[in-house]
Amino acid sequence: MRFSFLSIAREALRGNRGWTPHWRDAEPKAAYDAVIIGGGGHGLATAYYLAKNHGLTNIAVLEKSWIGSGNVGRNTTIVRSNYLLPGNIPLYELSMKLWEGLERDLNYNAMVSQRGVLNLCHTDAQRDAFARRGNAMRLHGVEAELLDRKAVQRMCPFLDFDNARFPIQGGLLQRRGGTVRHDAVAWGYARGASDRGVDIVQNCAVTGIRIANGVVEGVETTRGFIAAKKVAMAVAGSTSQVASMAGLRLPIESHVLQAFVSEGLKPLIPGVITFGAGHFYISQSDKGGLVFGGDIDGYNSYAQRGNLHVVEDVAEEAMGLMPMTGRLRMLRSWGGIMDMSMDGSPIIDRTPIDGLFLNAGWCYGGFKAIPGSGLAYAHLIAKGEPHPAATALRLDRFRTGHLIDEKGQGAQANLH
Amino acid sequence: MSVGPYRLPTGGAIDRAQALSFRFDGTSLTGFAGDTLASALLANGHRVVGRSFKYHRPRGVLTAGPEEPNALVELRSGARREPNTKATTAELFDGLEAASQNRWPSLRFDIGAAARLAGSAASAGFYYKTFMWPAAFWEKVYEPAIRRAAGLGRASGVEDPDTYEKAFAFCDVLVIGGGPAGLIAALTAGRSGARVILCDEDFVLGGRLNAERTEIDGQPAAIWAAAIATELEALPNVRVMRRTAVVGVYDGGTYAALERVADHLLEPPFGQPRQRFWRIVAKTAVLATGAVERPIVFGGNDKPGVMMAGAVRTYLNRFSVAPGRRVAFFANNDDAWTTAADLRAAGVDLVAVIDSRAEVADHIRAKAGNARVELSAAVADAKGGYGLTSLQIATPKGRIALDADALAVSGGWNPQLGLATHLGGKPQWSERHAAFLLPADLPAGLTVAGAANGMMTTAEALADGAAKGATAADAAGFTAAPAPLPRASDESFAVAPLWQVAASRTKAFVDFQNDVTASDLALSVREGFTSVEHLKRYTTLGMATDQGRTSNVNGLAMLAALTGRGIAETGATRARPPERPVAFGALAGLHRGKHLKPTRLTPSHRWAASEGAVFIEAGPWLRAQWYPRPGEKTWLDSVSREAAAVRSAVGICDVSTLGKIALFGRDVGAFLDRVYCNTFSTLPVGKLRYGLMLREDGFVMDDGTTARLSENEWVMSTTTANAAKVMHHLELARQVLWPQLDVRLASVTEQWAQFAIAGPNARALLERLLGDVSDEVVPYLAARIFDLGGIPARLFRVSFSGERAYEIAVPAQYGDALAHELMWAGEGLGVTPYGTEALGVLRIEKGHVAGNELNGQTTARDLGLGKMMSAKKDYIGRVMAARPALIDPDRPMLAGFRAVDPTKRPRAGAHFLKIGAPETPENDEGYLTSVAFSPALNRWIGLGFIKRGPERVGERIRAYDRMQGGDLELEICAPVFVDPEGTRVHG
Amino acid sequence: MRIPCPFCGPRDLSEFAYLGDAAPVRPAETSDATAVFDYVYLRANPAGPHRERWYHASGCRLWLTVTRDTRTHEVLFAEEAAP
Amino acid sequence: MVDLAARSAFDGLLLPIGTGQGVTVHEPAGLGVATILAGPDRAAFAARVRDMFAATLSSGSMHIATPAISFLGTSRNVWLAVGAGGSTFAADLARSLAGVGEVADQSGAYGILDLTGPNAMAVLAKGLPIDLDSSAFAEDAVAVSHIEHIGVIVWRIPGGFRLATPRSSAASFWHWLSASAAEYELGVA
Ligand SMILES: Cc1cc2nc3c(=O)[nH]c(=O)nc-3n(C[C@H](O)[C@H](O)[C@H](O)COP(=O)(O)OP(=O)(O)OC[C@H]3O[C@@H](n4cnc5c(N)ncnc54)[C@H](O)[C@@H]3O)c2cc1C
Ligand SMILES: NC(=O)c1ccc[n+]([C@@H]2O[C@H](COP(=O)([O-])OP(=O)(O)OC[C@H]3O[C@@H](n4cnc5c(N)ncnc54)[C@H](O)[C@@H]3O)[C@@H](O)[C@H]2O)c1
Ligand SMILES: Cc1cc2nc3c(=O)[nH]c(=O)nc-3n(C[C@H](O)[C@H](O)[C@H](O)COP(=O)(O)O)c2cc1C
Ligand SMILES: [Zn+2]
């Protein structure tokens with residue numbers, strides 16, 4: 001059923017009896033043209049674009065738990081395309097454009113809210129780096145503004161401008177950046193894909209990848225073998241685990257990132273704000289909770305939860321940046337397992353195994369990439385060639401040295 | 001003074017001699033010491049305390065504890081205003097101010113309540129289905145409206161005047177919860193000699209005992225609890241922490257706890273924080289957090305006046321408050337009947353007891369006395385506009401109506417196990433208890449006791465607590481003797497599950513705070529959100545400030561029924577820390593404002609201040625940025641004067657922030673050869689050399705000089721920013737990569753105060769202090785030790801400025817004195833202190849790279865230092881630096897830049913385009929990294945990276961700068977602007 | 001999380017810095033680029049016990065080899081990295 | 001003749017916040033401080049230490065005190081030596097250990113404070129993540145750790161604890177200490 005104000009009004013009168021499942025909870029078939037492992041944002045978006053753009057509908061998304069149970073359902077919902085390096089900007093900007101039309105494309109309100117993303121800077125060197133980044137964005141046709149201290153103060157008068165340990169000098173603002181209702185992205189893509197014939201299979205964990213003579217034949221799952229000519233991984237924090245089923249060792253480590261939400265509050269802060277002298281970023285959800293986060297915990301983990309020192313660091317920086325938060329309360333904290341790559345940038349590529357594809361290395365920034373990545377990955381899977389916006393996101397770049405290291409931290413996954 | 005119309009004449013644990021006055025929504029009221037805000041409001045007949053989240057329905061007090069979903073207030077005022085505080089946990093104090101929230105203009109007349117009319121159009125998830133057109137309306141119209149309506153309380157918007165602190169504690173046994181189970185667990189462990197910490201979030205120990213009329217060892221239970229508390233406090237190895245909630249369980253036996261030090265006071269006493277955040281490291285722990293009573297889902301179950309049965313007992317027995325004048329009660333279990341007895345004992349009119357079960361044992365039934373009893377019955381709908389007035393009861397004989405102004409409800413009890421699952425365990429469903437019990441995989445060292453462990457009677461709780469206290473002490477290495485158990489009257493807790501009343505006709509709430517109704521759940525299931533976690537996210541069940549403590553189990557039981565699955569199979573949503581919401585301030589402690597992070601001061605900080613320095617935050621350091629002099633209008637005047645003074649006379653600058661590492665051992669030379677890309681093993685004693693360090697991936701990590709002081713003693717300097725990182729790196733190289741080398745390291749960054757003395761008069765200045773420092777004694781790149789009035793002073797002949805220059809180092813305690821001494825020695829020589837800004841100007845004039853160029857993305861070749869990479873040896877980064885992309889001749893390389901128009905100022909961060917080239921990423925040739933005004937050249941100059949830079953000297957290019965108006969035509973030049981021949985360093 | 005430093009005793013996570021997998025061994029200088037590439041970039045990243053390098057930065061400054069379960073964060077063993 | 005005056009790390013910072021009945025702070029003057037690194041021949045090093053200082057240094061986080069010098073085990077085969085002797089302390093040590101170990105002067109690297117009084121431990125608990133109870137922190141124990149992001153070395157002295165903390169952070173350290181001790185009446189001796 002199409003969603004609209006009218007359908008809501010009609011259903012309200014009928015006691016909401018006419019609504020049906022947003023997506024089909026499918027039983028797995030014995031064989032597909034392609035299966036996507038992972039019912040997160042990337043997997044579901046890939047399925048949607050495979051069906052919509054490439055007419056591939058005999059496909060399935062295999063999810064070991066419920067769809068959206070991974071990082072797409074536990075991230076801080078920030079979308080932006082304010083990247084520095086030419087390897088990254090095109091994909092994130094493609095994604096940004098897709099976000100801007102997503103609701104009408106999917107007929108699903110994912111609450112894409114372009115309230116702006118403001119990255120604060122606290123030193124001259126940081127401002128220079130932001131200028132470099134802003135100019136790189138503009139060269140790519142992406143909007144960006146460098147704000148001085150006064151302009152930041154006008155926008156966010158509640159930040160500490162008088163007594164800060166690291167005084168705010170200005171900020172890089174991307175007005176088109178903002179937040180998106182995370183769960184709705186998974187649900188909306190699932191609905192879109194399902195409507196086009198894609199099987200969304202929940203509670204179906206891939207336990208093996210069957211390969212013969214260097215060619216993929218299908219996947220073993222907790223619900224039996226499923227044959228497929230093409231197998232596409234989109235399992236985020238589980239990438240190493242799934243890739244190892246095909247004998248692959250990758251430049252990826254799994255790390256935990258925590259996120260937090262406060263009790264609900266009347267509107268307090270405008271868009272997304274990031275603190276430049278540490279690791280802290282914050283926005284406010286439509287429900288009124290301050291949604292915020294910080295740095296990763298920093299050690300390999302599959303536990304989906306973190307430790308206390310990061311909780312404290314995050315709160316300290318919250319207080320340092322926004323002294324008004326003192327009496328507000330943290331309500332809940334949680335963690336997600338991310339596929340940290342060795343240069344901090346993602347990989348969308350073929351693998352050495354014919355028919356096996358890789359989408360990984362999103363670190364803590366892959367939510368914003370979901371539409372763009374889904375579209376580019378679908379393109380790769382369908383055509384066998386990288387999408388023009390993702391030509392640099394290759395697996396062999398570590399070997400050739402064409403790294404995409406936004407932070408210049410080198411080959412240590414936990415520093416990106 | 002009125003004691004409040006609902007206050008009972010006698011009894012309770014309140015101090016009637018101590019009346020406290022407080023204000024609610026501007027009205028002055030009175031309560032007693034020992035009250036909570038909720039009990040005081042109820043005593044005064046304030047049944048409506050706030051408005052609900054979505055439908056703005058009037059809401060009252062539902063519980064008597066931290067699980068409260070409804071009675072949220074804004075507590076205190078002004079900068080201390082604190083939103084969403086649960087009235088049921090706010091201890092009353094004289095002068096307390098509170099206001100209801102989420103209503104406008106007033107609690108009684110709330111415009112927002114019109115949202116109720118939207119009725120079933122505003123069902124779960126409706127916003128996913130609409131507000132999509134037109135696109136721009138989301139941010140401008142729909143979303144702001146949604147946001148304004150949502151959110152509940154208002155933040156103060158200004159800085160919190162109170163302080164917070166953090167602390168650590170260590171113990172053998174941590175007991176969480178001081179009810180009967182916790183008290184006896186703590187006592188048993190304490191008597192064994194183990195170090196015990198007992199935390200309870202309440203201000204009185206005893207837990208449920210304070211709410212009941214039961215007896216232990218023949219005394220009222222609350223008296224027994226107080227006696228145990230006294231005994232515990234007398235034990236030197238036991239620490240009792242009241243008002244302290246354990247809020248999180250973390251790895252390795254680390255528990256987070258929040259102590260509310262001064263929340264019960266108008267203002268914190270001198271020297272004390274408002275709250276203290278504890279990190280408790282415990283060998284073992286006993287979780288004795290009790291159980292939370294759950295409501296039953298029926299129509300109008302959110303009306304003010306509907307209250308949990310256990311809470312009614314708490315208000316009656318502990319606070320001496322009657323919940324209403326005509327009270328009914330509705331339950332599915334034996335325990336709740338105690339409420340009936342207590343009501344009668346308190347002289348409150350008990351109008352009816354409604355139990356969903358067909359049979360109730362006679363001795364239980366006797367508790368209702370002569371009150372009307374309806375079995376196999378249920379409250380279908382509660383009625384009333386602004387609070388409960390009557391009930392519709394579904395009985396086997398049909399619907400009957402009953403007048404009542406209060407209804408006590410009990411759907412059974414849920415063990416409080418949140419903390420036991422923070423590390424990931426899943427609670428397991430028990431049919432017998434009709435509740436989730438502890439997970440199979442408990443956190444290491446943690447045991448669960450009492451009602452939290454499904455031991456629902458006092459006697460069971462005591463026995464279980466004693467046993468678990470002993471186990472915990474034993475596990476921590478002590479021997480606990482079994483203590484005789486106190487006698488407790490055993491109550492029955494038999495329960496027959498009832499989640500929802502099918503006969504209800506009006507809105508029945510599952511999650512009160514988030515306004516999630518029974519029909520929302522049904523809709524959600526219809527729309528395919530059948531996983532318990534999907535249901536939660538689609539309906540927001542359990543996501544409010546109470547985290548669903550009164551709603552989750554009902555919700556998932558209803559989900560189980562709707563999907564035809566069992567409750568065990570349906571499972572519960574995951575509990576997460578913090579167990580109680582925790583203020584940011586408490587988590588931050590002293591780290592706020594200027595003290596967010598520690599500040600490091602250089603040894604000559606005071607001298608610099610006395611010279612009028614403007615300081616700048618440089619990472620952890622505060623450094624002198626420049627020294628304004630009278631008559632200088634802008635920072636540029638000062639900086640230019642300082643830089644010029646270095647070129648014409650002599651300047652001094654504190655460079656103590658550079659990292660300094662002492663290296664000892666026979667193999668230091670060989671070691672340095674491996675960690676630097678250039679060669680050090682050939683360095684003679686008494687000399688120093690510039691070194692470049694790569695990461696193993698072939699990019700540049702750091703640079704600096706290393707001097708050889710004696711055969712086996714060397715000292716390395718690192719950049720300020722990378723000091724700690726290089727130390728880690730060298731220790732890794734020494735301990736892990738090449739343990740066979742004889743190398744030992746000591747960080748001496750803090751030990752040496754180091755000053756650069758730069759300029760043509762540097763030598764003359766130093767000779768006044770040290771005697772002969774001529775080229776014969778201290779040649780270029782020499783390292784010498786001098787005696788400076790009995791103090792060993794290290795002198796290094798290095799230059800960052802290109803002028804004749806030295807760096808002198810003395811033990812840091814003499815740093816401030818040395819700065820004064822240098823100024824004295826420079827008198828008549830034009831000595832000028834210079835700051836980091838002039839330092840930057842001088843190094844840019846000389847084409848020296850620094851932080852902006854060493855950005856982790858550049859190679860030695862990019863920096864024009866490719867020749868330093870030795871071909872004769874292995875070193876960290878050698879192999880990866882040879883990857884094709886790192887030796888691509890098209891990589892941007894270091895060059896100098898100046899504006900074609902000498903009056904113009906380029907800006908760092910600009911990119912380079914060929915003149916006339918379209919503005920596309922493909923045409924991007926590099927970027928400008930550092931810019932300064934050169935007093936030597938009287939123009940702005942810069943360094944940057946541009947494709948094939950060194951080959952293109954003389955070419956004009958465009959600095960593309962949309963960020964800061966630095967879009968200009970530039971000329972590429974050599975990176976060394978001043979004295980390219982390098983003669984001045986010897987001059 | 002607490003790490004039992006063999007020199008200092010059990011200490012809080014916040015005192016340590018993490019490097020990662022302890023398995024990769026730096027190839028001797030004669031080795032080829034592929035071996036160095038593997039050393040620098042490729043990781044097994046297991047879900048389960050993991051031998052890894054930690055540095056007791058705020059304590060003794062020793063590099064440790066810690067065996068830790070990445071699913072539960074349980075620290076099974078810690079020893080000095082240097083033999 | 002140049003005569004440089006030494007300035008202690010906490011110079012000018014130590015202001016009392018009360019009577020000192022709960023806790024008292026004192027900055028000992030003129031202490032020499034040095035890092036000692038044992039050379040590869042551990043036996044020779046140990047023998048020399050025995051000869052010169054009549055002490056046996058075990059390689060653990062322990063405090064071994066001779067009448068003149070406290071040797072604090074801060075890492076494997078590394079000690080921080082603290083003793084009277086001011087500016088020549090390190091040089092004298094170096095001479096004594098020549099050939100068997102190395103010495104790095106740290107006389108200016110640390111601010112040193114003595115914290116005594118009945119509440120000294122309660123104050124430290126507000127920042128030091130170390131169990132100082134005598135059951136866990138023996139008479140001769142040493143802890144190298146941090147307090148609110150600032151490095152610190154802690155060992156016992158009669159009636160309390162001695163703390164060594166990096167000189168550059170002294171002002172920040174004092175902010176923590178004075179705020180944490182305020183409720184106990186912080187005195188300065
Ligand atoms: C706390 C946190 C905050 C973040 N904040 C942001 C942010 O603000 N902005 C941003 O852009 N990004 C953010 N991210 C990153 C972003 O969430 C992720 O990069 C992105 O969601 C990953 O892609 P995904 O949605 O496909 O992953 P997931 O949702 O994790 O999907 C992977 C799916 O694969 C499934 N799976 C795994 N193994 C198997 C198997 N063997 N068989 C079948 N299925 C399997 C998993 O169950 C999972 O559902 C954040 C991440 C976290 C954890
Ligand atoms: N009959 C029934 O159905 C029934 C059900 C539940 C409880 N009870 C009665 O309750 C009592 C159970 O004893 P008990 O000791 O297990 O529980 P309790 O409820 O008496 O005590 C629990 C204590 O833990 C504290 N607490 C809870 N969470 C905390 C946290 N995170 N941090 C610090 N403190 C926390 C509470 O303030 C409370 O004082 C018995 O008297 C029993 O009869 C009866
Ligand atoms: C953007 C965002 C907002 C959230 N807001 C809330 C909230 O208001 N209340 C709440 O209880 N949880 C909130 N959560 C957290 C979820 O309850 C949950 O913890 C998270 O999705 C991770 O799932 P898990 O805890 O079940 O592992 C929010 C999560 C996200 C990503
Ligand atoms: Zn250690």
Side-chain angles (χ1 to χ4, degrees), chain A residues 205 235-245 247-256 295-313 316 335 337-343 347 360-361 395-401 403 405 409-416, chain C residues 1-5 10-27 31-59 63-79 81:
Chain A
V235 292
S238 305
T239 295
S240 299
Q241 300 306 300
V242 175
S244 72
M245 296 171 191
L248 300 176
R249 266 166 73 90
L250 297 173
I252 283 178
E253 289 178 11
S254 295
H255 283 263
V256 62
D295 201 1
I296 59 176
D297 270 39
Y299 42 82
N300 290 41
S301 173
Y302 288 94
Q304 265 196 6
R305 59 176 177 77
N307 271 295
L308 200 49
H309 66 300
V310 168
V311 182
E312 294 179 51
D313 281 351
E316 289 171 11
I337 303 305
M338 293 152 333
D339 37 335
M340 299 296 294
S341 71
M342 289 286 174
D343 64 356
I347 301 159
L395 181 54
D396 70 358
R397 69 174 185 267
F398 301 92
R399 208 175 279 280
T400 62
L403 303 159
D405 189 349
Q409 291 289 4
Q412 199 182 324
N414 64 331
L415 299 181
H416 288 284
Chain C
M1 196 146 86
R2 291 177 67 80
I3 295 176
C5 172
R11 293 297 184 87
D12 187 72
L13 173 65
S14 59
E15 293 188 1
F16 297 84
Y18 183 77
L19 181 68
D21 196 355
V25 177
R26 189 173 194 272
S31 61
D32 59 324
T34 306
V36 178
F37 167 77
D38 283 9
Y39 166 68
V40 176
Y41 286 106
L42 299 187
R43 297 290 180 269
N45 193 22
H50 188 227
R51 271 168 53 82
E52 53 199 21
R53 301 238 185 268
W54 290 82
Y55 177 59
H56 197 183
S58 293
W63 277 94
L64 310 179
T65 307
V66 175
T67 309
R68 191 181 56 94
D69 193 315
T70 58
R71 293 161 307 182
T72 61
H73 299 168
E74 187 190 356
V75 176
L76 305 164
F77 190 61
E79 61 191 324

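Convention: sequence-line order gives letters A, B, ...; per-chain numbering from 1.
No side-chain donor-acceptor contact under 3.5 Å links T70(C) and N300(A).
The shortest side-chain heavy-atom distance between F16(C) and M1(C) does not fall under the 4.5 Å cut-off.
Of the possible donor and acceptor atoms, one in the side chain of Q241(A) sits under 3.5 Å from a partner among the backbone N and O of N45(C).
The part of N414(A) that comes within reach of chain C is its side chain, from C-beta onward, which places non-hydrogen atoms under 4.5 angstrom from that chain. With a 4.5 angstrom heavy-atom cutoff, Q412(A) touches chain C only via side-chain atoms. Both the backbone and the side chain of S301(A) come within less than 4.5 Å of a heavy atom in chain C. Using a 4.5 Å cut-off between heavy atoms, L13(C) contacts chain A through its side chain alone, with no backbone atom that close.
In terms of heavy-atom pairs under 4.5 Å with chain C, the best-connected choice from S244(A), A411(A), G410(A), S238(A) is A411(A). Of the listed residues (T72(C), T34(C), L19(C), V40(C)), the greatest number of heavy-atom pairs within a distance under 4.5 Å of chain A belongs to L19(C).
With sequence neighbours excluded, the residues that form a side-chain contact (heavy atoms from CB on, under 4.5 Å) with V310(A) are Q258(A), D297(A), V314(A). Checked against side-chain contact (heavy atoms from CB on, under 4.5 Å), P46(C) has the following partners two or more places apart in sequence or in another chain: A44(C), H50(C).
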